[in-house]
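Note that ligands are numbered from 1 as they come in the structure, with each ligand's atoms numbered from 1 the same way. The shown structure was predicted, so the numbers you read here are calculated from the model rather than taken from an experiment. In this chain, numbering begins with 1 at the start of the sequence shown.
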Amino acid sequence: MYLVTAEEMRRIEERLMDETGLPGTVLMENAGRSVADEITKRFPKPQKAVILAGKGNNGGDGWVIARYLLYRNWDVACWLVGDPDQLTPDAKVFYHVLQSFNPIQTYHSGKRDALKSELSQADVIVDALLGTGVNGSLRPPVKEVVEQINASGKWVVSVDLPTGLHTDGASIDSEKVKADLTVTFQYPKWGHFSRQGKELSGELVIKEIGLPPVLKPELKPKGRLNDPVWWKKSWSPRDPWSHKGSHGHLLLIGGSKGMLGAICMAGEAAYRMGAGYVTLAVPESERHALAAKVTQPLIWPWPGEGTFHPNSADRFQEKAGQISAMAIGPGLGRFEGEDKWLRDVLSSMQGPLVLDADALNILAAYPDLLGDLRHRKAPAIITPHPGEMARLTSLSVKEVEAGRVDVARSFAKHTGMIVVLKGRFTLIAHPDGTVFLNPTGSPALAKAGSGDVLTGMIGSLLAQKVSPLEAAAMAVYLHGKAAGLSGTHPHSMVYTDLLDGIQRAVRQEFVE
Ligand SMILES: NC(=O)C1=CN([C@@H]2O[C@H](COP(=O)(O)OP(=O)(O)OC[C@H]3O[C@@H](n4cnc5c(N)ncnc54)[C@H](O)[C@@H]3O)[C@@H](O)[C@H]2O)[C@@H](O)CC1
Ligand SMILES: [K+]
């Protein structure tokens, strides 16, 4: 499913209408009717609706909604918030159709009390003031009406976007409609998943309005919602004749003194995601402590006292042929000679790779290592949280958070790596410029250890030969879903609950 910007949506609609001759009024009719359907699905008995429509095409949808509610015996009061002479051509068509059998009032400040009293009698308020055409802070009279909508305490459906919410998620400094339901058209918009958008949109429903199911390459949006449909087929069912050697061998590297927990969690998660073998490479000094902690993963000590010896990566050659994927970082720590060590590890294995935690901090400290990562056969995956992303890009955490999509996209393009930028909606950015937004997740994941579990999950899929982009997307999705299915209160979830959640999430998504 695409995730679009205002500009992408406008281009798609314009090109469709130019090339096929499909009139905008058809799209508007479909859009308006689909919203009316969603309203009457929730309120099967006729009620009183107040339609508040702007002068643009978002308002045009409002006139269509009013007409369908009237067909269904609703009591409908209609208000134009704007100048009737400035209606767009399509909106004008439906304004006149509606006006031919139902009065439409024009709002101005003098009618403030009349509107207030109307809203007090409403069961449903339709916010068709502004959609993708919003530009800057709300101006009167729209601003006043938005304040009245929010003060009414009534059930509100927003058409396409809650009025005032920016389509692309940019921050707009004024009060916005707080909706119970938002019905958006054809594709969700980035703004729906911004911090404010998520709160303001209420339930989000996506309706088709007649755009073609297949888009020409030049019109394809650069954003996607991380949707199981596109990666489900890439994880093959387990062959009944298979053995542990058939399901890949993940090598996890990390686990310095005092940080063994991280690599253990990653290792257990990797088995939950199906890898045939998981080996944990840790500094020699930690092998016994690790053996006391883990059961299923294999242990491979490399030279080092507390942390890895800079030359310890030589050990890799012994088993390089047996390893199908590698994940570096959980509990790795920082140490003398770390840059040489990481360069050696990277050059000894050209297979699929995930880098996390201190592996990312080493990259940030020695950016020339990025050159070693750029031209790998399979793009490497990095899984930074905003703090790590800030270090990698020399931006502040605030700047990373304010421009998450652009930051992830440009770093992926610049480095040739797949960037998994963690957060409320984790982003997965591919070097070709596509950015996936992941809809699953839970505040329960805001806890040490969650990232190690994710790294293990991604590595496990890579070891099973799932392509890097799909491995990242699938693991991120299931990790978020697992948190919701862990069966614990978000405050109390610990990694073992999350591991249990993984098997529930896998079972839900993949029928045996
Ligand atoms: N283009 C199409 O073919 C379709 C468009 N549709 C609807 O059309 C909407 C987009 O329509 P428009 O491009 O006409 O834009 P909108 O109707 O969202 O808004 C444009 C109007 O808002 C005013 N405005 C912008 N910023 C403002 C602000 N800060 N304060 C006060 N007024 C402001 C502008 O002066 C203009 O009159 C979509 O969200 C969707 O609801 C649907 O009907 C489906 C088809
Ligand atoms: K709206």
Side-chain angles (χ1 to χ4, degrees), residues 4-36 51-65 67 79-95 107 125-147 149-150 156-168 170-189 191-192 197 200-202 204-212:
V4 297
T5 62
E7 173 59 18
E8 286 168 340
M9 193 66 195
R10 193 189 54 71
R11 270 203 354 244
I12 293 168
E13 284 168 350
E14 263 180 26
R15 278 283 286 275
L16 170 75
M17 291 188 279
D18 281 359
E19 289 177 10
T20 65
L22 186 72
T25 46
V26 171
L27 300 179
M28 199 173 269
E29 175 82 7
N30 291 344
R33 189 172 46 205
S34 74
V35 180
I51 313 286
L52 298 162
K55 57 193 162 74
N57 288 341
N58 195 251
D61 300 339
W63 310 132
V64 177
I65 297 166
R67 182 156 42 85
W79 292 73
L80 167 64
V81 183
D83 182 345
D85 293 334
Q86 292 176 6
L87 289 166
T88 57
D90 289 349
K92 193 178 273 178
V93 170
F94 292 117
Y95 176 85
Y107 178 83
I125 297 176
V126 175
D127 156 32
L129 293 167
L130 305 180
T132 55
V134 65
N135 174 12
S137 298
L138 294 187
R139 299 180 287 276
V142 173
K143 183 172 183 289
E144 291 163 24
V145 174
V146 166
E147 286 162 6
I149 294 174
N150 287 343
V156 178
V157 51
S158 281
V159 178
D160 212 9
L161 290 151
T163 288
L165 177 64
H166 192 274
T167 319
D168 304 345
S171 95
I172 293 184
D173 184 23
S174 54
E175 187 167 347
K176 302 158 190 73
V177 167
K178 167 86 187 75
D180 295 281
L181 169 70
T182 296
V183 181
T184 195
F185 305 127
Q186 206 75 30
Y187 310 117
K189 320 291 181 285
H192 293 128
L200 296 172
S201 303
L204 180 67
V205 172
I206 302 150
K207 301 301 280 188
E208 288 155 10
I209 56 166
L211 298 179

Q: Mark up the atoms of ligand 1 that fall under 4.0 Å of a heavy atom belonging to G136, in ascending order.
A: 29 (N)
Q. For S158, does its backbone N or O pair with a side-chain atom of D127 as donor and acceptor, under 3.5 Å?
A. no
Q) Distance-only, no hydrogens or angles: does the H166 side chain make a donor-acceptor pair with backbone N or O of G197 under 3.5 Å? A) no
Q.
I need the minimum non-hydrogen distance between M9 and F185, along with the two atoms involved.
A. CE-O, 3.6 Å
**Q.** Atoms in ligand 1 with a heavy atom of K55 nearer than 4.0 Å
**A.** 35 (O), 37 (O)
Q. What part of A128 sits under 4.0 Å from ligand 1 if we count only heavy atoms: the side chain, the backbone, both or neither?
A. neither
Q: Counting heavy atoms only, name the option from R139, E13, M9 that's nearest to atom 2 (C) of ligand 1.
A: E13
(Q) At less than 4.0 angstrom from any non-hydrogen atom of G131, what atoms of ligand 1 do you find? (A) 16 (P), 18 (O), 39 (O)
**Q.** Subset of ligand 1 atoms that lie under 4.0 Å from at least one heavy atom of M28
**A.** 43 (O)
Q) Please state which protein non-hydrogen atom is closest to atom 23 (C) of ligand 1 and give its distance, to 0.1 Å? A) L130 CD2, 3.7 Å
Q. L80 versus W63: any side-chain heavy-atom pair under 4.5 Å?
A. yes
**Q.** Distance filter under 4.0 Å to F185 heavy atoms, resulting ligand 1 atoms
**A.** 41 (O)
Q: Quick one: closest heavy-atom pair of L16 and P212, and the distance?
A: CD1-CD, 3.5 Å
Q: Quick one: look up the protein heavy atom nearest atom 10 (C) of ligand 1 and list residue, atom name and how far away it is.
A: T132 OG1, 3.2 Å
Q) So how far is it from M28 CE to N58 CG, rounded to the nearest 0.5 Å? A) 8.5 Å
Q: Work out whether the distance between some heavy atom of G24 and some atom of ligand 1 is less than 4.0 Å.
A: no
**Q.** Distance from atom 11 (O) of ligand 1 to nearest protein heavy atom, with residue and atom
**A.** N57 CB, 3.2 Å
Q: Find all atoms of ligand 1 within a distance of less than 4.0 Å from any non-hydrogen atom belonging to V134, and give their numbers and elements.
A: 25 (C), 26 (N)
(Q) I'd like to know if the side chain of K189 and the backbone of Y187 have a donor-acceptor N/O pair within less than 3.5 Å. (A) yes
(Q) Quick check: closest heavy atoms across I12 and L211, and the distance to 0.1 Å? (A) CG2-CD1, 4.0 Å
**Q.** 3.4 Å cut-off met by an N, O or S atom of S158 to the K ion (ligand 2)
**A.** no
**Q.** T163 backbone or side-chain N/O/S under 3.4 Å from the K ion (ligand 2)
**A.** yes
Q: Do me a favour and list the nearest non-hydrogen protein atom to atom 38 (C) of ligand 1 with residue, atom name and distance?
A: D160 OD2, 3.2 Å
Q. What atoms of ligand 1 come closer than 4.0 angstrom to any heavy atom of I209?
A. 44 (C)
Q: Using a 4.5 Å cut-off on heavy atoms from C-beta on, say whether the side chain of K176 contacts that of P162.
A: no
Q: Look at the N, O or S atoms of L130, main chain and side chain alike, and state whether any lies under 3.4 Å from the K ion (ligand 2).
A: yes
Q) At what distance is the nearest protein heavy atom to atom 45 (C) of ligand 1, and which residue and atom is it? A) L27 CB, 3.6 Å
Q | Nitrogen or oxygen of T88 less than 3.5 angstrom from that of ligand 1 | A | no
Q: Among all protein heavy atoms, pick out the one at the shortest distance from atom 26 (N) of ligand 1; state its residue, atom name and that distance to 0.1 Å.
A: N135 N, 2.9 Å
Q) Would the number of heavy atoms belonging to other residues, nucleotides or ligands and lying under 6.0 Å from NZ of K143 be above 12? A) no
Q. Hey, is E7 close enough to R10 for a salt bridge, meaning N to O under 4.0 Å?
A. yes
Q.
Under a 4.0 angstrom heavy-atom cut-off, which atoms of ligand 1 come close to G133?
A. 15 (O), 16 (P), 18 (O), 19 (O), 25 (C), 26 (N)
**Q.** Apex the K ion (ligand 2); atoms L161 O and V159 O; angle rounded to 10 degrees
**A.** 70°
Q | D18 atom CG, over 12 foreign heavy atoms within 6.0 Å | A | yes
Q) Are Q86 and ligand 1 in contact, using a heavy-atom cut-off of under 4.0 Å? A) no
**Q.** Closest protein heavy atom (residue, atom, distance) for atom 9 (C) of ligand 1
**A.** N58 N, 3.5 Å
Q) Which distance, rounded to the nearest 0.5 Å, do you find between the OG1 of T167 and the CD of E8? A) 11.5 Å
Q.
Ignoring hydrogens, what is the shortest heavy-atom contact between A6 and D168? Give both atom names and the distance.
A. N-OD1, 2.9 Å
Q: Specify which N/O/S atom of D127 comes nearest to the K ion (ligand 2), by atom name.
A: O
Q: If you have a sec, work out which protein heavy atom is nearest atom 7 (C) of ligand 1 and how many Å separate them, to one decimal?
A: D61 OD2, 3.3 Å
Q) For V134 and L165, which heavy atoms make the closest approach, and how far apart are they? A) CG1-O, 3.6 Å
Q. How does R10 reach ligand 1, by side chain, by backbone, by both or by neither, if only non-hydrogen atoms under 4.0 Å count?
A. neither
Q: Determine yes or no for a side-chain-to-main-chain donor-acceptor pair under 3.5 angstrom, with S137 supplying the side chain and S174 the backbone.
A: no
